[in-house]
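Note on naming: letters A, B, ... go to the chains in the order of the sequence lines (proteins, then strands), and numbering restarts at 1 for each one. Fair warning: this is a prediction, and the values are worked out from it, not measured in the lab.
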Protein chains: 2
Amino acid sequence: MGTTKSDHFSVKQNQIANIAKAIGHPARVAILDYLSKVDSCICSDIVNELPLAQPTISQHLKELKNAGLIKGNIEGNAICYCIDEKAIEKIQAYFTKLAGKLTKQKNTCC
Amino acid sequence: MGTTKSDHFSVKQNQIANIAKAIGHPARVAILDYLSKVDSCICSDIVNELPLAQPTISQHLKELKNAGLIKGNIEGNAICYCIDEKAIEKIQAYFTKLAGKLTKQKNTCC
DNA sequence: CCCATATATTTTAATATTGCAATATAAATT
DNA sequence: AATTTATATTGCAATATTAAAATATATGGG
């Protein structure tokens, strides 16, 4: 029964979970870090940047793309990947909202 | 070979990945949403809030706790869980920084 | 057309996660 | 002490994820 009961939760909760899940692996964090560092987006020197085989990285990129965190265009015989700001903004907004709610709380027990 | 090669990535990358991974499940997003909504932290009516069995929720709480996202005190025969702001601040800072870098980029290809 | 390069897909193996029934623990109440 | 209430742990089946070797595809250059 390793299946997540996604349909029991709200669309928004699933969206946030999906974005977070995509970021939930150090290799994918490293990919995002790299993409945010190189101003130009000449990619897949990522394969040289990371201690993982090319097919593994390709899969991680696919997951990041599925989650909407990166976008890419075919650029000659290379593919140019960039971070998609929309997803970052979405999850950032979620945390900002969450943090805002927390400061209003005056919990005494924890 | 389902093991993540955590030791090949930086401590920071692993920290962010761990927090994100914990948020990467709709049930756990729902738990955080609930905890941020109820001002007081009388918990586990969470069991009544969510469409999951008690042991399943207990496990999700454990994972959130391991990731540092929630903290809890024993309060009589109930346990009082609250969101731990430190983890939220940490991941929020990560996204703020990331978003900041992105606005400085002038990518033309994507 | 053939080759090199860049990237994706398929397949396979190892391991992790999800969910729950059953059971355990532990404090509060009767 | 027995009962109730709240939560945790264990064990297991179903499924998902991670990683890489082997293979496929696709583009540009010669």
Rounding to 0.5 Å, atoms CG (A:D84) and CG (A:L35) come to a distance of 11.5 Å
Figure out the CD1/P separation between A:I46 and C:dT5, and round it to whole Å. 19 Å
Report yes or no: does A:R28 contribute a side-chain atom to a donor-acceptor pair with the main-chain N or O of A:I23 at less than 3.5 Å? no
Identify which nucleotide among D:dA20, C:dC20, D:dA8 has an atom closest to any side-chain atom of A:P55, counting heavy atoms from C-beta outward. D:dA20
Does C:dA8 have OP1 or OP2 sitting under 4.0 Å from an N or O in the side chain of A:Y81? yes
Over how many whole Å does the gap from A:F9 atom CZ to C:dT18 atom C1' extend? 11 Å
Base, sugar-phosphate alone, or nothing: which one does B:E63 contact when heavy atoms must sit under 4.0 Å apart? sugar-phosphate
Determine all donor-acceptor pairs shorter than 3.5 Å in which one atom belongs to a side chain in residues 91-99 of chain B; sequence neighbours excluded.
residue: B:Y94; atom: OH; partner: A:D33; partner atom: OD1; Å: 2.9
residue: B:T96; atom: OG1; partner: B:Q92; partner atom: O; Å: 2.8

Rounding to an integer number of Å, can you tell me how far A:L50 CG sits from C:dT7 P? 13 Å
Which nucleotide, C:dA22, C:dG19, D:dA19, lies nearest any side-chain atom of A:H25? D:dA19
Do the side-chain N or O atoms of B:T56 get closer than 4.0 angstrom to the phosphate oxygens (OP1, OP2) of C:dG19? no
d(CD1, B:I79; P, D:dT9) in whole Å: 9 Å
Does D:dT17 have OP1 or OP2 sitting under 4.0 Å from an N or O in the side chain of A:H60? no
Please confirm whether any donor atom in the side chain of B:Q54 sits under 3.5 Å from an acceptor in the base of D:dA8, or the reverse. yes
Atom CG of A:L61 to atom P of D:dT18: distance rounded to whole Å? 13 Å
Heavy atoms under 4.0 Å, any strand shown: does B:K21 hit a base, just sugar-phosphate, or nothing? sugar-phosphate
Measure the distance from CG on B:L52 to C1' on C:dT18 and round it to the nearest whole Å. 9 Å
Please give me the minimum heavy-atom distance between A:A30 and A:L50, naming the atom from each residue. CB-CD2, 3.7 Å
Is there, by distance only and without an angle test, a donor paired with an acceptor across the side chain of B:Q59 and the base of D:dA8 below 3.5 Å? no
Choosing from D:dT7, D:dA20, C:dC20, which nucleotide comes nearest the side chain of A:A53? D:dA20
CG of B:N14 versus P of D:dT18: gap in Å, rounded? 13 Å
Within a reach of under 6.0 Å around NZ of B:K71, are more than 12 heavy atoms found that belong to other residues, nucleotides or ligands? yes
Starting from C1' on D:dA16, measure out to CG on A:N66 and report it in whole angstrom. 14 Å
Of the listed C:dA16, D:dA19, D:dA8, the closest approach to the B:K5 side chain comes from D:dA19
